[in-house]
Amino acid sequence: TAVLAGCALITGLTAFLFIPVSDFWPLMVLVVVLYFFRAPIPAIADSAVMTIVSRTGVSYGRQRLWGSVGFVVTSFGLGTLFTLSNLSMIFLLYGLAVGVILFALSFKMPIERFPGQVSLIAGFRTLARQRSYLGFLLSMVLAGIGSGSYFNFLGLNILELGGTQAQVGMAYGASALAEIPIMFLGARWFHRYGNAGLITFGLSIFTFGWVVIALMTSPVSLILAAMLVGIGYGFFWVAVVGFANETAPKGMSATAQATVAAAQGGLGWGLGAIIGGILWDLTSGSAVFWASALAGMAAIIVFRIGLRMAK
């Protein structure tokens, strides 16, 4: 609880510092600090929810979908209300939401301490001996590369094709909106097909969605195609959290979730942003999404090879 509350408070306070800063390198320092303290928050929350899920039998997806609901509301709302002239309001609202509201809610989270002794080194050694887990982590890096390129440059591509700031918000909101029914209705699928099968299925939809986006030539068609990626995410992320939880040593659920987040949302997204930026400058928007699709295909291959080697 203390770790979650501390990370929320520092993340919120850091967000406020973005408002007066305009130079590149100070902004870069703030980005590093913000993401350093923000990264553990979803991992701790996912671990707490998975503990509740295992004890009560409720669906993780039906808890996770509320994150998508919040994303939809803010994407549609902020994309409509805010323009480049008043972006500081976004940092103000984000700081209040995380540094005040989430900080207060952290003390109400049902986070349970593991009663025994936990050896991080022994736990990581256990994970390292699982070939399927190593393949899983590498595939998460590759999936993060694809997602980082897609997510960071979708909005720019919409603007490049003559779209508006509101349409950028609509695209991200539509993608998150498509996740919600999958997370709400997917409990049977996750029980029937297992996390590994649905990770593969989600990655396949990602890859196909990125191919479709690479071929689109209008803002409206991009918004519709983004919904396909959202459907893939609905399968993918719920299965990823479940897979990480079921392979984690006892007492290391939060650590396992954080490791996956670091691989997919940290290293992968960072590399994807760099690769996407280079391709955007040298070629065109479509090349960025073709690169995402290639990364998605590689992620599927690596993940399935890891599973086969573990048998």
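Every value quoted in this text rests on a predicted model; they were computed, and no experiment measured them.
- The minimum heavy-atom distance between Gly276 and Ser149, with the atom names listed, is N-OG, 3.8 Å.
- A 4.5 Å side-chain heavy-atom check between Asn157 and Trp280 finds at least one atom pair inside the cut-off.
- Across every non-hydrogen atom of Gly146 and Ala295, the tightest pair is N-CB, 3.8 Å.
- Tyr94 meets the side-chain contact (heavy atoms from CB on, under 4.5 Å) test with Thr11, Ala15, Leu34, Arg38, Val98; sequence neighbours excluded.
- Taking 4.5 Å as the limit, every side-chain heavy atom of Ile90 sits out of range of all side-chain heavy atoms of Phe18.
- To the nearest 0.5 Å, atom CD1 of residue Ile274 and atom CG of residue Asn152 are 10.5 Å apart.
- No donor-acceptor pair closer than 3.5 Å links the side chain of Tyr35 to the backbone N or O of Gly266.
- Note that the OG1 atom of Thr164 and the CG atom of Leu159 stand 8.0 Å from one another [nearest 0.5 Å].
- Hydrophobic clustering (side-chain heavy atoms under 4.5 Å, transitive across Ile, Leu, Val, Met, Phe, Trp, Tyr) groups Phe208 together with Leu198.
- Here Phe289 and Phe153 keep their ring centres 6.0 angstrom or further from each other.
- Within a 6.0 Å sphere centred on CD of Glu246, other residues, nucleotides and ligands contribute more than 12 heavy atoms.
- Tracing side-chain contacts under 4.5 Å through hydrophobic residues (I, L, V, M, F, W, Y), one never reaches Leu294 starting from Leu279; they form parts of separate clusters.
- Nearest heavy atoms, Phe303 versus Ala196: CE2-O, 3.4 Å.
- Here the straight-line distance linking atom CE of Met297 with atom OG of Ser204 works out to 10.0 Å at 0.5 Å rounding.
- In this structure, the separation between OG1 on Thr283 and CD1 on Ile278 is 10.5 Å, given to the nearest 0.5 Å.
- Linking ILVMFWY residues whenever their side-chain heavy atoms come closer than 4.5 Å, directly or via other members, places Val69 and Ile182 in the same cluster.
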May I have the step-by-step check of side-chain contact (heavy atoms from CB on, under 4.5 Å) for Phe16 and Leu13, ending in yes or no? CA-CA 5 Å; Phe16 293 137; Leu13 293 175; 4.3 Å; yes
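- Between Phe136 and Val260, the closest side-chain pair of non-hydrogen atoms falls below 4.5 Å.
- Counting only heavy atoms from C-beta outward, the side chains of Leu215 and Trp290 approach each other to under 4.5 Å.
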Given Thr14 and Phe37, is the side-chain contact (heavy atoms from CB on, under 4.5 Å) satisfied, shown in steps? CA-CA 9 Å; Thr14 303; Phe37 287 99; 5.5 Å; no
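- Within the 4.5 Å cutoff, no side-chain heavy atoms of Leu267 are placed close to those of Met140.
- To the nearest 0.5 angstrom, Ile145 atom CD1 is 5.0 Å from Leu271 atom CG.
- Phe184 and Met227 fall into different hydrophobic clusters, defined by Ile, Leu, Val, Met, Phe, Trp and Tyr side-chain heavy atoms under 4.5 Å apart, directly or through other members.
- With a 4.5 Å cut-off on side-chain heavy atoms, Leu92 and Met89 count as touching.
- For the pair Ile158/Leu154, a side-chain contact is recorded, criterion being any heavy-atom separation below 4.5 Å from C-beta on.
- Of all non-hydrogen atoms in Leu203 and Ile300, the two that sit nearest each other are CB-CG1, 3.5 Å.
- Remark: Asp23 CG to Leu30 CG distance equals 11.0 Å, nearest 0.5 Å.
- Between Trp210 and Phe206, the ring planes lie parallel to each other; the angle is under 30°, not in the 30° to 60° tilted range.
- With hydrogens and angles ignored, the 3.5 Å screen pairs no side-chain donor or acceptor of Tyr150 with any backbone N or O of Ala293.
- In this structure, Trp66 and Met183 have side chains that are not in contact, with every pair of non-hydrogen atoms separated by 4.5 Å or more.
- Between Gly162 and Pro219, the shortest heavy-atom contact is C-CG, 4.2 Å.
- By the 30° and 60° cut-offs, the orientation of the rings of Phe235 relative to Phe201 is perpendicular.
- Note on Val31: it clusters hydrophobically with Phe91, by side-chain heavy-atom contacts below 4.5 Å among ILVMFWY residues.
- Between Ile213 and Ala225 the shortest heavy-atom distance is CG1-CB, 3.5 Å.
- Ser286 contributes no side-chain N or O that, together with a main-chain N or O of Ala214, makes up a donor-acceptor pair within less than 3.5 Å.
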Test ring pair (Phe, Tyr, Trp, His ring centres under 6.0 Å) on Tyr233 and Phe151; report intermediate values, then the result. CA-CA 12 Å; Tyr233 187 83; Phe151 199 87; 9.3 Å; no
